[in-house]
Amino acid sequence: MTAELIDGTAVARQVREDVAAGVQELLAAGGTAPGLATVLIGDDPASEVYVRNKRRLCVAVGMQDLHRHLPGDVGQEEAAALIDELAADPAVSGILLQLPAPKHLDSEALLARIPAEKDVDGLTTANAGLLAQGRPGLRPCTPSGVMVLLDRAGVALEGAEAVVVGRSVLVGKPMAQLLLERNATVTICHSRTRDLAEVCRRADVLVVAAGIPGLVGADGVKPGATVIDVGIHRGEDGLHGDVDTAAVAEVAGRITPVPGGVGPMTIAMLLANTLEAAKAQQGRGD
Ligand code: NAP
């Protein structure tokens, strides 16, 4: 293997340490500890694991865990009432509605009730609009985690050719906008892109978030490029990404592993967003 591994586990730990220090500074300045309200509806085992990790790391950085759990058969009105209650509660700095919600609920309508300033997942239409317009706001956690990985690895973005594979609201679109904000020349690929490998080979920075295991191979990577693999797939032999890591690592200059790349960054950025939200709400924003 020739590529340098970008260690997301280590960077995420540093981000969490910075957040913990920020919480202590906020308290020392007379502020109150940020509160994160994770909202879990139903008993999906994968969602339970994700929420448990978020709550554990929230407490570890000195924040208040204001978790709420609703039964899987809860009605839309009752779920909406909980979001409204959290929106009005000054102890709650951030609200995270764990998705997917049960199918009978309109999760878009629930998300829309989260005030932009408490939307620590950065997924509301209001925050997506602020990002699209290049105005300050809370950014989606996974793509902002990728930006931190690129910065900490010293990857030059200004004028670079960046290719993003995937155009989801959760990852691909905000990823492209964040790269554009940093003056990269950005191309977005999707399922209708003709000759994906040919487009990917242009990239100095390639971010793959397609949800297809091993979609990008060595023929889709320019020698020396930085490759960020957002994909997560659970196989019998462990976790895999959207990139054929072993083959691509022979061509790329830097690559994120799966696991231990982008994955740990998502929760770290959720905590960073929660601190940012708390500071803004307490009149102590940057
Ligand atoms: P998604 O909503 O399913 O979107 C996938 C995107 O990939 C779509 O825009 C789709 O294009 C595009 N695509 C599908 N097949 C393609 C192909 N053959 N060539 C090029 N583009 C193709 O997925 P997502 O939520 O963005 O997630 C993507 C992956 O990242 C998943 O594996 C997910 O598990 C992972 N993920 C990881 C984290 C983390 O914390 N590490 C967080 C979120 C997601 P169309 O728009 O044309 O359909």
Side-chain angles (χ1 to χ4, degrees), residues 19-20 22-23 26-27 29-131 136-142 144 169-170 174 266-285:
V19 171
V23 171
L26 181 60
L27 293 174
T32 54
L36 174 63
T38 46
V39 177
L40 177 64
I41 309 179
D43 303 303
D44 174 61
S47 293
E48 277 180 1
V49 172
Y50 291 137
V51 168
R52 199 179 316 136
N53 282 335
K54 289 168 188 171
R55 295 177 62 194
R56 181 173 55 81
L57 293 173
C58 151
V59 170
V61 296
M63 294 183 181
Q64 296 181 72
D65 168 21
L66 304 173
H67 174 68
R68 302 292 284 268
H69 188 190
L70 292 175
D73 60 357
V74 73
Q76 183 78 21
E77 273 181 26
E78 206 180 320
L82 173 64
I83 303 284
D84 292 351
E85 178 198 323
L86 297 170
D89 184 347
V92 174
S93 322
I95 303 171
L96 179 142
L97 174 63
Q98 184 66 40
L99 298 173
K103 286 201 172 56
H104 69 278
L105 295 175
D106 179 351
S107 47
E108 292 297 323
L110 294 176
L111 277 179
R113 302 183 91 89
I114 300 175
E117 64 275 15
K118 292 193 178 187
D119 169 30
V120 285
D121 239 354
L123 294 181
T124 58
T125 305
N127 275 318
L130 291 170
L131 172 59
L138 292 165
R139 307 307 196 205
C141 300
T142 301
S144 59
V169 169
L170 186 65
T266 300
I267 299 187
M269 298 315 292
L270 168 71
L271 300 173
N273 274 352
T274 306
L275 175 62
E276 187 185 325
K279 284 165 68 177
Q281 287 158 31
Q282 295 178 31
R284 297 165 201 274

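What you are looking at is a predicted structure, and each value in this text was computed from that prediction instead of being measured.
At least one side-chain heavy atom of Pro115 sits less than 4.5 Å from a side-chain heavy atom of Ile95. Residues Leu27 and Val23 form a side-chain contact, since some pair of their non-hydrogen atoms from C-beta on lies under 4.5 Å apart. Put simply, the side chain of Gln76 reaches to within 4.5 Å of the side chain of Leu110, judged on heavy atoms. The side-chain heavy atoms of Ser47 and Pro100, taken from C-beta on, include a pair separated by under 4.5 Å. Side-chain atoms of Thr274 and Cys58, non-hydrogen and from C-beta on, never get closer than 4.5 Å to each other. Annotation: side chain of Leu96 is not in contact with side chain of Val39 (no heavy-atom distance under 4.5 Å).
Side-chain atoms of Gln282 come within 3.5 Å of backbone N or O of Thr32 as a donor-acceptor pair. For the pair Gln64 (side chain) and Leu36 (backbone), a donor-acceptor distance under 3.5 Å is absent. In this structure, His104 contributes its side chain and Val74 its backbone to a donor-acceptor pair below 3.5 Å. The closest donor-acceptor contact from the side chain of His67 to the backbone of Thr38 lies under 3.5 Å. Listed for the Asn273 side chain is a donor-acceptor partner under 3.5 Å among the backbone atoms of Val120.
Distance check: Leu131 CG to Leu138 CG gives 11.0 Å after rounding to the nearest 0.5 Å. Atom CG of residue Leu40 and atom CD of residue Gln98 lie 6.5 Å apart, to the nearest 0.5 angstrom.
Across every non-hydrogen atom of Leu66 and Gly35, the tightest pair is CD1-CA, 3.8 Å.
Under the salt bridge (charged side-chain N to carboxylate O under 4.0 Å, His left out) criterion, the residue pairs touching residues 111-127 are Asp84-Arg113, with sequence neighbours excluded. Sorted by first and then second residue, the salt bridge (charged side-chain N to carboxylate O under 4.0 Å, His left out) pairs involving residues 97-110 (not counting sequence neighbours) form an empty list. Applying the salt bridge (charged side-chain N to carboxylate O under 4.0 Å, His left out) rule to pairs touching residues 54-73 yields Arg55-Asp65, Arg68-Glu85, sequence neighbours excluded. Counting only residues at least two apart or on different chains, no salt bridge (charged side-chain N to carboxylate O under 4.0 Å, His left out) pair has a member in residues 30-46.
Screening Leu97, Val92, Ile114 for a side-chain contact (heavy atoms from CB on, under 4.5 Å) with Leu86, the sole residue that qualifies is Val92.
Thr142 is linked by a side chain to side chain donor-acceptor pair (under 3.5 Å) to Thr266, counting only residues two or more places apart in sequence or in another chain. The side chain to side chain donor-acceptor pair (under 3.5 Å) search around Ser93 returns none, not counting sequence neighbours.
Around CD of Glu78, the count of heavy atoms belonging to other residues, nucleotides or ligands within 6.0 Å does not exceed 12.
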